[in-house]
Protein chains: 2
Amino acid sequence: MADVAALAGVSSQTVSRVSMGLDNVRPETRRKVLTAMAELGYSANVAARALRYGSYGTLGVIAHRLARTGESRTVEAVVEAARAQGYTVTLVDVESPSSDEVTAAAARLSHQAIDGLVIIRAETATPDTLALPHRMPVVVSDSRFVGHHPAVGADQIDGARRATQHLLGLGHATVHHVAGPADSGPAQMRADAWRAALTEAGRDVPDVLRGDWTAGTGYEIGRELAADLDVTAVFCANDETAAGVLRALHEAGRRVPADVSVVGFDGIPLAEHLWPPLTTVVQDFSGIGRALVDLLLQQVRDGRALDDVHTLVPVELVVRASTGPAPGARRRDS
Amino acid sequence: MADVAALAGVSSQTVSRVSMGLDNVRPETRRKVLTAMAELGYSANVAARALRYGSYGTLGVIAHRLARTGESRTVEAVVEAARAQGYTVTLVDVESPSSDEVTAAAARLSHQAIDGLVIIRAETATPDTLALPHRMPVVVSDSRFVGHHPAVGADQIDGARRATQHLLGLGHATVHHVAGPADSGPAQMRADAWRAALTEAGRDVPDVLRGDWTAGTGYEIGRELAADLDVTAVFCANDETAAGVLRALHEAGRRVPADVSVVGFDGIPLAEHLWPPLTTVVQDFSGIGRALVDLLLQQVRDGRALDDVHTLVPVELVVRASTGPAPGARRRDS
DNA sequence: AGCACCGATGTTTACGTAAACATCAGCGGA
DNA sequence: TCCGCTGATGTTTACGTAAACATCGGTGCT
């Protein structure tokens, strides 16, 4: 900056004014400064600016297994929403969503230059075991943190309930559920809502089949389901798992939806192009991302924490060809 | 820091020494300082440290449509590799990979605190039109930038060639190609390699069908392909497109692979669980991510640019059930 | 003409840290 | 006993910027 000032024959403060885009600089002076800046390849030092100004223009994001669909779509939405507000995003990916790892990631991030922290999922972490940097604004996309940190989440319960009721409404006697991992909050909520919907309708509640969000275990569990001719309706905790189940059903010669109906969860772009196109509960990831950033920036700007805010983002059941009348119901029809 | 020093009854320099983990501090003094730090919830100011030290411990990443599979897997790999080297990652997502947007994103990032820049794809950008911050270390995952910036890329050409030859080897007279967007470098390379493989084998080269990486256009193009009974083999520029093509073939009643064989590209986790499981060219995304970070940090540490380095990461053709002998070949068999 | 005011620009200072240098106490050897 | 050395700690300074304040020349008014 001093070099630029010397070359342009002005003070460093004038260089600062030009670089900040203030308007109380004579056009001629501004031009001289800009020329000097270009010549020297000058650009402002961010660290110094942040030091002076007290803000970094950056939000930290802790994500868990970024390449998983829901994860990357939420992150993309957060990045997008942050950009709209003039912030960039620093990303840390954790192997497992345990308290230790999330705490370590938060510590790593707090050693970076961030103004606030978005925790995409803190599945096995609990409010008590999760240590966060002092006075760091935080939002969590996990509703178990209500009362501790502001939270944003899709309406898991409504989605799982509607998926289950959709299948019951098609005449299926009951609905089997391929769940997500036991240590996942959303997986738990979806399983609970499925169980509640069955109970409410007075139906048998089959054992939960425990998946891990991947298509691979969906396939393995699907092979067992395919072998059981009593199974006519399966609600999967996510679309990947549903893809695995579909494959297993095809391999076993069970027709979808004539013999078995399948519902997914998430609404990944590929869901529409699986065979048959998958009925699924679509989450509004970009709405979640926007809500997360809004809640976080509100705290950053006010300088104080919002404790008990909880934004519930609605979901939508999109019915496609993977669900149809129960074989029994159809038989009654004919 | 001054407060901590006062509370611990030492100088700020001693606090700094403790916080940097230097060992020339008496255990008793260290303990006092740590106690004071804990009491005041002190943590070092990153901007000041960066200002003093000249480095941020952060790499910038410019990605294009993060939620797309290949993208997010590469980003995850970069994040992972960066973490292994003690760096975090700041992410910017651009709508389109044009020079203007990438240049703007680089400018945004250079206003952030980064030590180097990873450009995941700069498809429509060219070395001439892409303006980057002065003296910023850069790597690009796009081989068209060889000679301008260090580049890392999967061996697109080998992958597309092997996919095409695999289909020809199964007895198909020719192979149709559903390409990626015309302004994408990798899409261009895959299409060129497919064309070359056909020409080399002395086969007819059908018109390129122009997709946009999505399953949606794959489906639309697939409906046309399904209507053309001469089509027996389709090589898709990525797995999503292939999923759309598979769906269109199913809807039209064309059997896969008995009537039509389909190959994808990327090796997304779902490829194995599409119906039928998709033969595809698997990219080593985490290898690409590691190579990108290695090349970048080499420049960051040496303080100088590596101009003409080009790392080619091998790909692997994984054969699954979506490809089989050409109908003609089968007929000859029987 | 003289004065008050305003806009453009320069000067000083503070942001929080860590390197470089300074100081100081204690200890061993002559 | 005194000197010099060593290790622990304190003091000064610089990193690059922008706010706050100071200055200076011109303009319009009386």
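Quick note on labels: first sequence line is chain A, next is B, and so on, each numbered from 1.
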Using every non-hydrogen atom in the two residues, find where [X] and [Y] come nearest and quote the distance to one decimal.
X	Y	value
A/Val18	A/Met37	CG1-SD, 4.5 Å
B/Val25	B/Arg17	CG2-CB, 3.9 Å
A/Asp266	A/Gln283	OD1-NE2, 2.9 Å

Flag, side chain of B/Asp115 to backbone of B/Leu59, donor-acceptor distance under 3.5 Å: no
B/Asp93 backbone acceptor or donor facing A/Arg83 side chain under 3.5 Å: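 Side chain of A/Arg83 to backbone of B/Asp93, a donor-acceptor pair under 3.5 Å: yes, one is there.
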Reported CD-to-CG distance for the pair B/Gln298 and B/Asp294, which is rounded to 0.5 angstrom: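 So the gap between those two atoms works out to 8.0 Å.
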Trace of the side chain to side chain donor-acceptor pair (under 3.5 Å) decision for A/Ser19 with A/Arg49: CA-CA 11 Å; A/Ser19 112; A/Arg49 191 169 277 186; 2.9 Å; yes
Starting at atom [atom1] of [X], determine the distance to atom [atom2] of [N], rounded to an integer number of angstrom.
X	N	atom1	atom2	value
B/Asn45	D/dG16	CG	C1'	14 Å
A/Glu28	C/dT9	CD	P	9 Å
B/Lys32	D/dA8	NZ	P	14 Å
A/Arg26	D/dC24	CZ	P	17 Å
B/Arg30	D/dT9	CZ	P	10 Å
A/Met1	D/dC15	CE	C1'	13 Å
A/Leu22	D/dA20	CG	C1'	14 Å
A/Asp3	D/dC15	CG	P	11 Å

Members of residues 7-21 of chain B that approach DNA chain C, where some heavy atom sits under 4.0 Å away: B/Gln13, B/Ser16, B/Met20
Working for salt bridge (charged side-chain N to carboxylate O under 4.0 Å, His left out), residues B/Glu76 and A/Arg65: CA-CA 8 Å; B/Glu76 183 178 8; A/Arg65 304 284 310 145; 3.1 Å; yes
Verdict with reasoning, A/Thr90 to B/Thr88, per side chain to side chain donor-acceptor pair (under 3.5 Å): CA-CA 7 Å; A/Thr90 289; B/Thr88 50; 5.5 Å; no
Touch class at under 4.0 angstrom, heavy-atom based, for A/Ala44 against every strand present: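 Counting heavy atoms under 4.0 Å across all strands, the contact made by A/Ala44 is with sugar-phosphate only.
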Nucleic acid contacts of residues 46-53 of chain A, taken as heavy-atom distances under 4.0 Å to DNA chain D: A/Ala48, A/Arg49, A/Leu51, A/Arg52
